[in-house]
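Residues take their numbers from the sequence shown, with the count starting at 1. We use all heavy atoms of the structure for the numbers below, so side chains are in, but hydrogens, waters and symmetry mates are not.
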Amino acid sequence: SDRLSDGKILSKKETSINLVVNVGKLMEVCTNEKILPKYWDFRNRKVKSIYPGSLELGVRLDGVRNKVLKEYRHAMEKEPKPTFDEIRELIRNTVNDTLPETKTTDFLKVYGEFLNEKKHLVKPLTLKKYGTLTVTIEDFIKKNPKFNNLCLHNVNSVYDTAFRTYLIEECKILNNTLDKYYDNLKSFMKWAFENGYHTSIDYLRFKTKREDTDIITLSLEEIQALSALDLSNNPTLEKIRDCFLVQTYTGQRFSDLKNM
């Protein structure tokens, strides 16, 4: 519709998206983003899903809002309390990304902080999965010197092409495993974005293809034959076979059995 619920006619020109903040007084700050009013959800104050690029713009606006709230809270924890003019300047600098650099943007250093936080929040196997990416990125950098001192804002389309080529040609990684590496990478970049280490949203455009795989199953007769197989002359294989059979009978993963 070209009208709002109160009957006002929407402009057919792109309009600035402003951030309105109540800090005792209302202040309005331009986010440097524009949109046609017909694509803006005025009730919920967000981009409509029908807008091309709604995901990227929505993430950018959410990031600006979260960063402003974080910087405002930090400012209000200080003594003496900042004045309205100081808060206004802080919010403008936050929105325009002109705050003095206080955090490292070095990829591996920030990834180390990511791992330190996650070790208290995720299971050991998940942490190990995240750790694998560290080793892979380090090797990638060694073989691609132009990415020495890799920073978060350099994780863009150029990086995507080079890293994807490395995984496929150097590591011989197929689509589904490639997808898992990128899942880890995007989880980290999202965490770093939300914690104010960078403002880039290029990582959202990294696409991978997950293929359906054939599931191979054993028949009851094959399981019974495996169970009856005499492996007494090879204790190692016997233990492996027995462990596999327990998994088959109970549906437990190997990691579950290992931790019992």
Count I, L, V, M, F, W, Y as connected when their side-chain heavy atoms are under 4.5 Å apart, and connections chain through other members. Are Phe107 and Val158 then in the same cluster?
yes
Please check this pair: side chain of Asn96 against backbone of Asn93, looking for a donor-acceptor N/O pair closer than 3.5 Å.
no
So, taking the atom named CG in Asn144 and the one named OG1 in Thr165, what distance separates them when rounded to the nearest 0.5 Å?
9.0 Å
Less than 4.0 angstrom from a charged side-chain N to a carboxylate O is my criterion; do Arg205 and Asp202 meet it?
yes
Any side-chain to backbone donor/acceptor pair from Lys70 onto Asn195? Under 3.5 Å, distance only.
yes
Heavy-atom nearest pair, Tyr197 first then Thr105, reads O-CG2, 3.6 Å
Could you tell me whether the side chain of Asp230 and the main chain of Ser232 form a donor-acceptor pair under 3.5 Å?
yes
Check against side-chain contact (heavy atoms from CB on, under 4.5 Å), Tyr166 and Ile141
CA-CA 10 Å; Tyr166 161 81; Ile141 292 173; over 6 Å; no
Under a 4.5 Å cut-off applied to non-hydrogen side-chain atoms, are Glu113 and Trp191 in contact?
yes
Would Asp139 and Lys143 pass as an ion pair if we require N to O under 4.0 Å?
yes
Between Tyr130 (side chain) and Leu125 (backbone), is there a donor-acceptor pair under 3.5 Å?
no
Should Leu19 and Phe84 be regarded as members of a common hydrophobic cluster, given that ILVMFWY residues are connected when their side-chain heavy atoms come within less than 4.5 Å of each other, either directly or indirectly?
yes
May I ask whether Tyr111 and Val122 are part of the same hydrophobic cluster, defined by side-chain heavy atoms of I, L, V, M, F, W, Y residues being less than 4.5 angstrom apart, directly or through others?
yes
Are side-chain N/O atoms of Asn44 and Asp41 paired as donor and acceptor at under 3.5 Å?
yes
Is any side-chain N of the basic residue among Lys180 and Asp183 closer than 4.0 Å to the acidic one's carboxylate O?
no
Checking Arg241 side chain against Leu229 main chain: does a donor-acceptor pair fall under 3.5 Å?
yes
Side chains of Val246 and Gln252 in contact at under 4.5 Å (non-hydrogen atoms)
no
Least distance between heavy atoms, Glu222 atom then Thr217 atom:
OE1-O, 4.2 Å
Determine, stepwise, if the pair Arg65 / Asp62 fulfils side-chain contact (heavy atoms from CB on, under 4.5 Å).
CA-CA 5 Å; Arg65 179 183 59 195; Asp62 285 344; 3.1 Å; yes
Tell me whether Lys190 forms a cation-pi arrangement with Tyr203, defined as NZ or CZ under 6.0 Å from the six-membered ring centre and within 45 degrees of its axis.
no
Between Leu36 and Thr15, is any pair of side-chain heavy atoms under 4.5 Å apart?
no
Joint hydrophobic cluster, Leu185 plus Leu174, side-chain heavy atoms closer than 4.5 Å
no
Centroid-centroid under 6.0 Å between Phe147 and Tyr159 rings:
yes
Output yes when Arg88 and Asp85 qualify as a salt bridge under the 4.0 Å nitrogen-oxygen rule, no when they do not.
yes
Is the closest side-chain donor-acceptor distance between Asp160 and Tyr182 under 3.5 Å?
yes
Between Glu14 and Ile35, is any pair of side-chain heavy atoms under 4.5 Å apart?
no
Going through the checks in order, is the side-chain contact (heavy atoms from CB on, under 4.5 Å) test met by Val59 and Leu204?
CA-CA 9 Å; Val59 169; Leu204 293 174; 3.7 Å; yes
Asp106-Asn149 side chain donor-acceptor pair, cut-off 3.5 Å:
no
Could you walk me through whether Leu61 and Lys46 pass the side-chain contact (heavy atoms from CB on, under 4.5 Å) test, one step at a time?
CA-CA 9 Å; Leu61 295 175; Lys46 64 179 184 179; over 6 Å; no
Under 3.5 Å, is there a donor-acceptor pair between the side chain of Ser54 and the main chain of Ile50?
no
Taking the ring centre of each residue, are Tyr51 and Trp40 less than 6.0 Å apart?
no
Ile87 to Val23 - nearest heavy-atom pair and separation
CG2-CG1, 4.0 Å
Applying a strict under-4.5 Å side-chain criterion to I, L, V, M, F, W and Y, I'd like to know whether Met76 and Val29 cluster together.
yes
